[in-house]
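The block underneath contains the structure these notes are about, expressed in structure tokens.
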There are 2 protein chains.
Amino acid sequence: METKPKVTIDDVAKSAGVSKSTVSRIINNVPGVKPVTRFKVNRAIEELGFTPNIMARSLKTKLRRQIALAIDDIRNPYYPELAWAAEQVAKQNNFRLVLINHYGNPSEELAVLKEANDMHVDGIVLLSTSHPKTLTKVIKKAAVPVALIGNYEEDMPADWVGLRENEGYVAMDHLIRIGRRRIAYAGNTTLHRGARYTAYVQSLASHFMEFNRSLVYTGERLAIDTGLEAARYFYHLNEIPDAVFAANDLVAIGVTQGLISLGLRVPEDVAVVGIDNIPWCTLTTPKVSSVSNLVGEMGRIAVERLILRIGDESKAFERITLEPRLIVRESTVKQI
Amino acid sequence: METKPKVTIDDVAKSAGVSKSTVSRIINNVPGVKPVTRFKVNRAIEELGFTPNIMARSLKTKLRRQIALAIDDIRNPYYPELAWAAEQVAKQNNFRLVLINHYGNPSEELAVLKEANDMHVDGIVLLSTSHPKTLTKVIKKAAVPVALIGNYEEDMPADWVGLRENEGYVAMDHLIRIGRRRIAYAGNTTLHRGARYTAYVQSLASHFMEFNRSLVYTGERLAIDTGLEAARYFYHLNEIPDAVFAANDLVAIGVTQGLISLGLRVPEDVAVVGIDNIPWCTLTTPKVSSVSNLVGEMGRIAVERLILRIGDESKAFERITLEPRLIVRESTVKQI
DNA sequence: CTGTTAGCGCTTTCAC
DNA sequence: GTGAAAGCGCTAACAG
């Protein structure tokens with residue numbers, strides 16, 4: 001099965017004329033080895049092209065230096081950023097990332113935890129969609145520590161990082177702060193139980209601004225063409241709004257491009273802000289302001305916590321809540 | 001480091017009153033074990049919650065049932081589809097996928113191969129950007145088999161899957177076949193050494209159609225707004241084109257939405273086709289026709305070959321070239 | 001400072 | 001059919 005006849009620590013020891021413990025010390029950077037010996041051994045390692053067999057090492061140390069990243073579906077648009085950030089932290093700590101899709105399928109998801117041991121991993125970062133109660137039970141049984149992203153229950157025996165769900169307020173706040181007074185809404189009224197639309201209505205109220213039904217363009221599909229349609233709609237109002245809060249970035253991009261193709265200026269005439277901060281926000285002219293859900297940050301933090309816990313399982317579990325972050329770009333504030 | 005005191009094969013053996021060899025036979029489905037014994041052992045396994053230690057097993061068998069997927073950058077937009085397809089095949093074969101980003105950095109990339117052994121993997125699917133010559137040398141030294149995607153050199157000791165680079169011709173062919181005669185081009189003239197633009201020009205020529213400079217809209221950034229601009233430009237021509245070949249899907253989406261917002265019908269008045277077949281093509285109205293680079297297919301094939309090779313290293317290396325696939329959607333052919 | 005020794009948990013001949 | 005025993009390649013006491 002193996003082409004090249006693997007060279008082992010014994011081969012090195014023999015070739016360098018020392019014992020394998022000495023070789024072991026050297027490859028593990030254990031101090032207290034005579035420089036001469038170290039040199040001889042290193043040369044032998046070099047010559048023979050020796051690389052330690054991780055299986056054997058892990059069998060001894062119980063440390064596999066791998067963690068699993070278990071998410072619902074890799075095709076989820078947030079995944080790349082999450083995985084990228086997670087991988088960076090893992091790499092810094094000399095860990096590798098194993099990828100698992102559980103497809104939001106509770107049984108698969110739980111299987112991930114159950115089989116953790118099968119997986120050559122020391123811990124799992126889990127972006128779960130399961131019911132928290134069920135999850136709690138399973139985490140308790142898992143063979144390795146778990147760090148959770150997003151789904152959370154009081155007594156879960158795991159580190160956790162999540163996001164405060166006030167993105168809508170952050171976006172609205174921004175528009176109001178930059179002096180806009182006739183703010184429109186484009187998007188649906190159902191996403192996340194209507195949270196974004198609710199934020200629109202309530203932000204207006206708490207700033208004593210009038211709610212005007214005609215400033216709401218409802219389109220269920222949060223895609224670019226909904227935004228384009230919204231732009232056309234707003235354009236033909238008697239009084240054009242001076243700002244648009246879009247339920248997500250796709251809509252915001254559509255609104256922005258739509259308004260521009262109708263001859264309006266963004267942000268001078270109309271400011272536009274979206275939510276989610278997808279990469280595309282920076283690929284348009286003007287670049288679109290947005291509210292980031294810090295998915296990368298969550299990945300980073302989850303992996304950090306996990307690795308810390310792998311090093312010391314006795315620490316108290318941490319619960320970290322992040323605030324969505326406003327990213328100001330050209331669609332709301334003219335850049336120099 | 002481990003919370004739960006791992007239960008081993010010896011514990012099971014003792015509890016079932018058999019030897020560990022018998023337990024081993026049972027967990028590996030070796031035939032020739034008395035049903036009664038099998039039953040007793042299985043019950044013990046169940047009761048104790050035993051799961052075999054993969055490290056120990058691998059140390060013996062040399063099979064880790066993991067493969068690495070090494071790509072330039074997980075944030076590359078093709079990655080999710082590639083990884084998803086790869087993971088499906090891996091899973092079917094009871095393999096897991098480990099993720100490695102090499103950032104198109106040749107040294108990182110080569111390191112991936114060199115450290116293959118360190119990685120608990122039995123093989124590597126590599127999407128390389130390194131110079132083929134260098135790559136060849138390193139592959140020869142790699143401890144495990146490699147399957148290559150995209151980059152290729154005659155004497156590489158690896159299975160390989162790639163794509164024929166005629167996407168442009170496929171797209172043009174489609175427009176011509178559906179009877180369009182006044183075909184415009186939107187995009188840049190430099191991508192892939194200008195291959196797409198060249199395909200435009202040459203396709204016209206080989207069908208004895210006139211090349212008309214005014215039907216070419218050049219925008220370097222292949223993004224949505226370039227498409228919107230192109231739409232405006234074509235709209236104001238004396239004679240509007242009856243089809244647009246866009247250098248990529250983003251431009252095609254922009255062109256389509258732009259034309260529609262100007263009151264034209266797609267595909268009745270103008271047919272639009274893009275290239276790359278990004279997921280967004282199906283998120284717009286009308287859905288955009290495109291040419292797929294079969295990135296998922298390549299991932300699938302690469303993993304399949306790799307797993308076959310892991311099972312038998314002696315087979316001859318395979319070179320597979322895929323043809324880009326036309327995906328007809330609403331932007332070129334009216335759907336019922 | 002270095003070598004000897006005893007496993008880690010499992011698979012796999014080889015006997016019985 | 002089943003068990004005993006010998007490692008897989010490495011680490012980690014423990015001596016010396």
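Just so it is clear: chains get the letters A, B, ... in the order the sequence lines come, proteins before strands, and each one is counted from 1.
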> With nearest nucleotides of DNA chain D determined for B:Lys60 and B:Pro35 from heavy-atom distances, which residue corresponds to the more 5′ nucleotide?
Replying inline: B:Pro35
>> So if I take every side-chain heavy atom of A:Thr37 and compare against C:dC1, C:dC10, D:dT11, which nucleotide ends up nearest?
In response: C:dC1
> What's the shortest heavy-atom distance between A:Glu323 and A:Leu294, and which atoms?
Replying inline: O-CD1, 3.0 Å
> Between C:dC10 atom C1' and B:Leu63 atom CG, what is the distance in whole Å?
Replying inline: 14 Å
> Can you name the closest pair of heavy atoms from A:Leu97 and A:Ala83 and give their distance?
Replying inline: CD2-O, 3.9 Å
>> From the set D:dC10, C:dG3, C:dT11, return the single nucleotide nearest to any side-chain atom of A:Ser19.
In response: C:dG3
> Among C:dT11, C:dT2, D:dG9, which nucleotide sits nearest the side chain of A:Ala56?
Replying inline: D:dG9
>> Please classify the nucleic acid contact of A:Ile26 as base, sugar-phosphate, or nothing, using heavy-atom distances under 4.0 Å.
In response: nothing
> Which heavy atom of A:Ser58 sits nearest a heavy atom of A:Arg64, and at what distance?
Replying inline: OG-CA, 3.9 Å
> Is there a side-chain contact between A:Asn42 and A:Glu46 (heavy atoms, below 4.5 Å)?
Replying inline: no
> Where the side chain of A:Lys34 is defined as all heavy atoms beyond and including C-beta, which of C:dC1, C:dT11, D:dG3 is the nearest nucleotide?
Replying inline: C:dC1
> For the pair made of CG in B:Asp10 and C1' in C:dG7, what is the distance, rounded to whole Å?
Replying inline: 12 Å
>> Testing the basics here: between A:Val89 and A:Glu304, what is the closest heavy-atom pair and its distance to 0.1 Å?
In response: CG1-CG, 3.7 Å
>> If you assign each of A:Lys20 and A:Val33 to its closest nucleotide in DNA chain C, which residue comes earlier from the 5' end?
In response: A:Val33
> Would one find a side-chain N or O of B:Asn53 under 4.0 angstrom from OP1 or OP2 of C:dC8?
Replying inline: no
> Run the side-chain contact (heavy atoms from CB on, under 4.5 Å) check on A:Arg25 and A:Ser21 step by step: do they pass?
Replying inline: CA-CA 6 Å; A:Arg25 284 182 190 107; A:Ser21 354; 3.8 Å; yes
> Considering residues, nucleotides and ligands other than B:Arg75, do more than 12 of their heavy atoms fall under 6.0 Å from its CZ?
Replying inline: yes
>> Tell me the closest heavy-atom pair linking A:Gln66 and A:Phe95, and the distance in Å.
In response: N-CD2, 3.6 Å
> Within the structure shown, what part of the strands sits under 4.0 Å from A:Ser58 by heavy-atom distance: base, sugar-phosphate, or nothing?
Replying inline: nothing
> Nearest of D:dG3, C:dT11, D:dC10 to any side-chain atom of B:Ser24?
Replying inline: C:dT11
> A:Arg64 has an atom CZ; how far is it from atom P of C:dC8, in whole Å?
Replying inline: 16 Å
Write out a two-atom table: protein N or O, nucleotide N or O from nucleotides 13-16 of chain C, distance below 3.5 Å.
none

>> If you define the side chain from C-beta out and look only at heavy atoms, does anything of A:Lys14 sit under 4.5 Å from A:Asp10?
In response: no
>> Using OP1 and OP2 only, check whether a side-chain N or O of A:Lys62 sits under 4.0 Å from C:dG9.
In response: yes
> Taking for each residue the nucleotide of DNA chain D with the nearest heavy atom, is it B:Leu59 or B:Arg38 whose nucleotide lies nearer the 5' end?
Replying inline: B:Arg38
>> Tell me the bend of the helix from C:dC1-D:dG16 to C:dC16-D:dG1 as the angle between end helix axes, each from five pairs, rounded to the nearest 10 degrees.
In response: 40°
> Any idea which heavy atoms bring A:Ala302 and A:Val125 closest together, and the distance?
Replying inline: CB-CG1, 3.9 Å
> When the distance from CD1 of B:Ile45 to P of C:dG9 is rounded to whole Å, what number comes out?
Replying inline: 16 Å
> Is the shortest side-chain N/O distance from B:Thr22 to OP1 or OP2 of D:dG3 below 4.0 Å?
Replying inline: yes
